[in-house]
Amino acid sequence: MALRDIIVLPDKRLRQVSKPVAKVDAGIRTLVEEMFAAMYAAPGIGLAAIQLGEPKRVVTLDLAKKDDEKAPQVFINPEITWSSETKSTHEEGCLSIPEYYEEVERPAEIKVKYLDLDGKPQDLQADGILATCLQHEIDHLNGVLFIDHLSKLKRDRVIKKFAKAAKRAAE
Ligand SMILES: [Zn+2]
């Protein structure tokens, strides 16, 4: 299995709204394998399919600590059904915005419904880092990046930086 590239800012596909998965079939399971491979190789703790250029509502996560056993999680067509009033702030980064980290405030707790790899509906209540990661990845499915939650000044600065880098690479 060839390792697939993760697309980075300013790739316009990152702004695409991903389509729901109609059926969890062999094609989706292969995509999930490719997502885990790319995510672990990066290395990262979360990935949305659009980061491989696939506009499908699929998210992979693994929040296991470095020396612990792998704990892969898959969310197909994830949907936030409830968010807490209480907010929390975590430092976020993104494999599509390499080496940029910033604190983001989001609801501290959420409820999510999704399909698992067998296509079965599941519910999950999440807090802490899991809640943050799920909201970050579900944002990706809607063409939203974590820098959209920052001030315009900070966002413009990072967008400019990556646009410049892309221009230099193309020269
Ligand atoms: Zn991301």
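Each ligand, and each atom within it, is numbered from 1 in the order the structure gives.
Every salt bridge (Lys or Arg N to Asp or Glu O under 4.0 Å) that Lys154 has, sequence neighbours left out, goes to Glu102.
Within the 4.5 Å cutoff, no side-chain heavy atoms of Ile76 are placed close to those of Asp116.
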(request) Could you walk me through whether Arg57 and Asn142 pass side-chain hydrogen bond (donor to acceptor under 3.5 Å, both in side chains), step by step? (result) CA-CA 9 Å; Arg57 300 186 84 82; Asn142 296 320; 2.7 Å; yes

(message) As a quick check of understanding, evaluate side-chain contact (heavy atoms from CB on, under 4.5 Å) for Lys56 and Ile28, giving each step before the final call.
(response) CA-CA 9 Å; Lys56 296 190 173 110; Ile28 293 298; 3.9 Å; yes

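Atom CG of Asp5 is surrounded by 12 or fewer heavy atoms from other residues, nucleotides or ligands within 6.0 Å.
With waters neither drawn nor counted, the protein N/O/S atoms under 2.8 Å from the Zn ion (ligand 1) amount to 3.
At least one donor-acceptor pair closer than 3.5 Å links the side chain of Gln135 to the backbone N or O of Ala131.
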